Every structure is written in structure tokens, then in C-alpha cells.
There are 2 protein chains.
Amino acid sequence: MKENSKYIQVKNQIKDWILEGKVKPGEKIYSENELVKLFGVSRHTVRQAIGVLVHEGWLYREHGSGTFCSNRLLQQTKRESSKNIGVITTYMSDYIFPSIIRGIEQYLSSQGYSLIMASTNNDLEKEKQCLQTMLSKNIDGLIVEPTKSSSANPNISYYLNLEQHNIPYLMINQYYKEINPPHLVVDDEKGGFLATEHLIQYGHKKILGIFKSDDLQGVNRMKGYIDAFRKYNLPFFPDMIVTYTTETKEEKIAEIRSLLEGKERPTGLICYNDDVALSVLNVVRSLNLSVPGDLSIVGYDDSQLATASEVKLTSVSHPKTQMGIDAAKRIIAKIEGKSLENGTDSFVYEPELIVRESTKKLSSKIVT
Amino acid sequence: MKENSKYIQVKNQIKDWILEGKVKPGEKIYSENELVKLFGVSRHTVRQAIGVLVHEGWLYREHGSGTFCSNRLLQQTKRESSKNIGVITTYMSDYIFPSIIRGIEQYLSSQGYSLIMASTNNDLEKEKQCLQTMLSKNIDGLIVEPTKSSSANPNISYYLNLEQHNIPYLMINQYYKEINPPHLVVDDEKGGFLATEHLIQYGHKKILGIFKSDDLQGVNRMKGYIDAFRKYNLPFFPDMIVTYTTETKEEKIAEIRSLLEGKERPTGLICYNDDVALSVLNVVRSLNLSVPGDLSIVGYDDSQLATASEVKLTSVSHPKTQMGIDAAKRIIAKIEGKSLENGTDSFVYEPELIVRESTKKLSSKIVT
DNA sequence: TATTTTAACTTGTACGTACATCATCTTCAG
DNA sequence: CTGAAGATGATGTACGTACAAGTTAAAATA
């Protein structure tokens, strides 16, 4: 590599601009044609110079818009990229999660990255092990679905350690408020609200809610459910909320059964997800009641299960695969020093209610 | 980065030579001018291709003497254990696969190994990319679910190269007969037989079969289906078998619909899997027929879907999570030099028929 | 005003040429 | 037989052109 070759000179000049602070991180540098005029060299030479700087991580190019100064050159500890992204999930076989994973994998592989996976089974001790593994694996970035996010997390120090190692991470579905990391989540409160509002507008008054209490998603959906009651000035009634945890699902379903057998049975039911909705649907069938005739049911997640049954479930939908793609996109952008549009690290997806056959209007006079 | 650009093609071809073992570490590759003639492109394009590969660490150049294959790969042969196991699957969000993955992950993490995942979407080109990624990732072992296993596979050389690098691999669900690798599979032929025999013993004679034709699982299940007809000396009838591929599922379901509308409609239906069974169930409902009243349906996989519907599906069950655990166990045993008890590298799981509500006995008078 | 289309500008790919620089093998002189 | 000069062929630098493809903002249209 000749020291006095033209492209080296151009390279060094541009590098100087960056080091002197004339070009700040994220800012656009001169276009190739401008550099051609400036230095009086050919475009090929300019591209060669820029190519080296891109390779070394000083710049990045964006097709059609320009060449920019990289963001993370300051504390660049010269870790060589392993092209591995870690992903920690709660349940691997959860019926909803594969679509997120698929989105992540799709984008990662298109960018030449690989995916290292681990799952916690919603156990905090296991989460700790996963984080330890990831830290020892030389990953470039980490995507985490937090475990038991509704309670305090003892593994905070690991996440802080990630920051010290300059490994970007991002949380999906939920996030630990204590560290307020970049996150992609669905507005579950709104989702719960939409589901409940739907039944209220259909004239239902006695609407039962069953929610999972050991993660934030469940807690938030429940909030939305309660909000809807408040907003429509509906009275609360006893036993209107059933909560369950990973360990107590079965017995709580049995509880629902006895509630449905009582004569004061509810006319509507908001479920934490489609899986629970189907469990309840089974109970309803065994009691010789009909859906939506005797009971309207709303699910959540709009999963494959929602349309598997004879009664297609009304369910709250959210962009699962898209969230995976976005997560991968953001983590890679951060790794490669690209700045995302408007600086915001996080995004909240709006849920949407898909009305199918499992809910119906109550034919009472009270409905406007 | 256009995938079909010339320099990418040249790059991939050269990378192939390395990964297939045609060019060994330290060896000189063709000179730029030779490559120009070989590919019929300009020298600039060749240099661009080589530039990328040098950048990625596959090659290095020596001014005046030539371009050589990096010996970074050589260090991998006497590599220290990375404690990484690669897993290549077809569909990540397939409703059946998560349980296998869960089994794999469970055992791997208990043994301190990590899981690197990639999926092919049942596309052979993508499988090639996945294998390339895995080969370049320093993995200790590889678990593969083969892609389009019913047709010839163009990626054989990659598997052979794995052997050269002393990386054990194992196939699940299906396997390429050409290389006869260690494999864990379900006896799908028997599964298809069991399902069909069940309907025959219930007095059915006109039994339709719908199978996926682009993977071996489908072909084998179909074999079992045909075997059952032979064994029970039942006559074959026209249109008794419908086959579909990944791309043509929808239209074939429509075909089933018209068969069911005809007056000579079948009384039984053997489905490739539960997903198809549910699709057909939807069609049956829309025709105002009843299951199992007018039509008995048998699914396959005994998945979550089988019990999601109001008519619980009779389905063929097989040990999904167990297969994952076994796969992980065997691959790690091989890595760590442990010998497995009975010497056999492969195992065939016996499927089991779970009889539920979607099938019923035909009373003899109705049977013509 | 809001939306669509167009034009201008950006980087990406691909071809061509010429000569410089370095390593290696061949040839020839000693 | 040995050493130096030269021929050959490899990569490195540098110039040029042309068009493709993506982005953005101005201009035209509804």
C-alpha cells in the first residue's frame, strides 16, 4: 500500500475531517462527485478511498442518499464483528413466538448475520444463565424478550454489563422499566381496551376478564380492560377478573367453569390470548352453552388458533413478523453505526381488533 | 446489494470452491486474468468480487504472486470447542417445529451448548446459504432438517465437506438417501398406514388421501396409505390421491372441495397433517356436511391444532420434543467422543394413532 | 390543498484502458 | 555452475465511460 497513492491521500483527508470534528457522527459527507472536483481525481479513486473508510467503520453508505459519518467510532474497542446476534425468548414453542423469530431470522440472514438462540421458560435463574452464555459468545447484539417482566428483575447488572461492553440490546414484547432500554412493544393496554370496548358496544355488561399476571403483557391488557369499564361508566362486579400464572393455568380455567355454571353468569369474556380463549371454549361446549349465543369471547394475538375452531375467534391482532424484522433491523443499524431516522429507539405497535364470529350483539333494548 | 449482480455471482462461486474444499487453505486460486476469461467479465468485476472475499477473510492477496485461500479455516480443523451447535430447519414458524427446537434447546443448554439457528423456507438455494454460514461459523456440530428431500439435492458437497472438517451432523424428520447420514426420523410410512388402516377397519372404502409431494415425509405417508389399500385388498378409485406442494396448497384444497360436492364423495379422508385437516374441515363446514357424520378425517402430527377445534381430530402422534432431545444428545455425544450404547447412528420413531372424534364407524348398510 | 409525477442527485454495477509495482522463472554471461 | 539481467505474469493504482437503482424534493396534476 503506497503511502503517497492518491486514494490514500483522499482517505486520510476525509478521516481528518472526522477526527477534527468537521464532520460529526451521522452527518453526510461530500458526495462522490463533489469529492472528485475537490481533489481533482477520478470517481473510481474517490470510491476506493471511501471503500476503505467504510471497511474500517468510519463511514457508511446509503444507496441513493449519500455517505455518512458513522456513529459509534469513539468507544470502538476494535472488537471484530462476529456477525452473530443473540436472541433470548421466554417460550420457544409458544404458539405466537415463532412468527417473531421468523421475522428476526429473515432479516438477519438477508444481512449475513446469524441467530444464536436461547430460551428461559419464563424462569429468572435460566435467564441469568442465558445472559451469561451470550456474554461469553462474542455476539454483536442481543434481542431479548424479558422474563417475568411484571416483577423486579435480579439480572439488571448483566444488562448494564452489556452496555459497558458496547453490545447493543433491544427488548421486545415487554421491557424492564428500571433500565428503560430500547424496546418494541405492542400497546397491550389499548389492545385490552379495544377488546373490552367491543363487547361493551355490543351491549354486554357482565364481562369477565382472564389475564396472565406474571408478565407485563397480561397486566397491561388488564389495565385496558379496567379502563374500558371506567370510560363507559359500567359498574364493576365481583369475581370479574381472574388472573393466572404460568403454573396455575389449569385450576384457573376450572374456576371459570364454575363461574359459567352459576346462574349469574357473564355474557362476555376477554381472554389473555387465543390459547386461553380456546380452553374456555372447550369448557363452554362441555356445558352445552353456545358461542356466541350464550357467551361472547374475545381472544388476543390473532394466531393460527383463532381460525382453527368452528367458531372463528374475534381477536386482537398485532404485527408479529414485522416486529421481528424491525427488531433485527434496529439492532443491526446500531451495530453498524447507522442512525435511524428520528432518533427514537423504541416503537409501540398499535393493535387492531379483528371481529369474527365469537362475539355478538346483545339484543336488548339498552343498546343504542 | 443486488443478489444477481455479476461480482456477487463471481464472489459466491469462489466462496463455493473454498467451502466445497476444491481450494484448500493456503492454496493459490486462479489469477485475476484467468477469472476474467472463466467468467467472461471484466477485471474490475473480478477484483470487486475478490475484494469482498478478502474483506470477509476468505482470501488474501500477495502483490506480485497471487491470491490465496485464507488459512483461517485451517485453524478450525484443530479448533477448540466453540460450544455452538448449528440447527438448520425448513420453516421456522411451522406449527410442528417449535416443539422439536424446544427439545434441542433444552438439552443443549443443559450441557452448556448454544444453538445457532437458520431456516431455509424449503428453498434449496437458501439451504446452500445456510450451510455456508454454518461452515464459516465455527460450529461443533450440525442438526439439519433437509430441504425438499424428495428431490435430488445439489448441496451434497457441503455435507461432505462437513465430514472433512470433522464436524458431525445429523438429520431429522427426513434425510438424503444419497449420503445416508445419521438420522432421526418417524416411520411415516407406518403412520400413513395406521391412519388408513384405522378408517378401513371402521368400514370405510372410499378414502381420499391428500399429501405433500415435495418432501419425503409426504411421500412416505402416501406410501403407507397405498400399502393399507393393498393389504386389505381394497380397490383403488380415481382421484383418490391429491398431492400438493408448498406453493399449490390453496388450489388443491379447492380441488378437494369439488370432490366433496360431487355425489360420489368419499367417506374418509387421510390428511398430510393437522393443518390440512383443519383446512378441509373448514370446507366441510361450509358445505353443511358434518364430521364425522358425513366424512371421517384423520390428521397427522397430533399438534395443538388437533384439539383446538370443536371436533377433536383423530391424528397420528409422534414424539416431537423427544426427537429434539435425542438429536441434541447424539450430536453432543459424537462431539465429545462418547460412544452411544448400541452403535447405531440412526433411530426410527414409531408413530401412534390417537383416536378422537373426527372418525366414526360406518354402519354396514350405508356402505353400499 | 393533497396527491402524483417528474427531475435531479445520490450511490451501485460494469465495462474499458493504461501503466506501476512486485515476485518468480528463464536466459545468458561470467 | 553461479549470478545477473530480462521476460513474464501476478496484483496495485488510476484514469475514463455508461447505465442501473434508490432517494429526495420540486413541479405538475387532481
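All chains are named by letter (A, B, ...) in the order of the sequence lines, taking the proteins before the strands, and each is independently numbered beginning at 1. All values derive from a computational prediction rather than experimental measurement.
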Fill in: N-O pairing of Lys128(B) and Asp16(B) below 4.0 Å
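Salt bridge present between Lys128(B) and Asp16(B).
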
Worksheet entry | Pairing of Glu32(B) and Arg47(B) as salt bridge, 4.0 angstrom limit |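 Answer for the salt bridge query: yes.
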
Below 4.0 angstrom from OP1 or OP2 of [N], is there any side-chain N or O of [X]?
X	N	answer
Thr67(B)	dT11(D)	yes
Arg47(B)	dG12(D)	yes
Thr45(A)	dC15(D)	yes
Arg61(B)	dA10(D)	no
Lys6(A)	dC15(D)	yes
Ser31(B)	dA10(D)	yes

Worksheet entry | Aromatic ring proximity, centroids under 6.0 angstrom, Tyr30(B) and Trp17(B) |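 That pair passes the under 6.0 Å test.
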
Worksheet item: Heavy atoms under 4.0 Å, any strand shown: does Ser42(A) hit a base, just sugar-phosphate, or nothing?
Response: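 If one applies the 4.0 Å heavy-atom cut-off, Ser42(A) turns out to touch a base.
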
Worksheet item: Which atom names give the shortest non-hydrogen contact between Pro319(A) and Tyr349(A), and what distance separates them?
Response: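 Heavy atoms only, the tightest pair is CG-CD2, 3.4 Å.
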
Worksheet item: Does the base of dT21(C) carry an N or O that pairs as donor and acceptor with the side chain of His63(B) under 3.5 Å?
Response: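 Result: at least one qualifying N/O pair found.
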
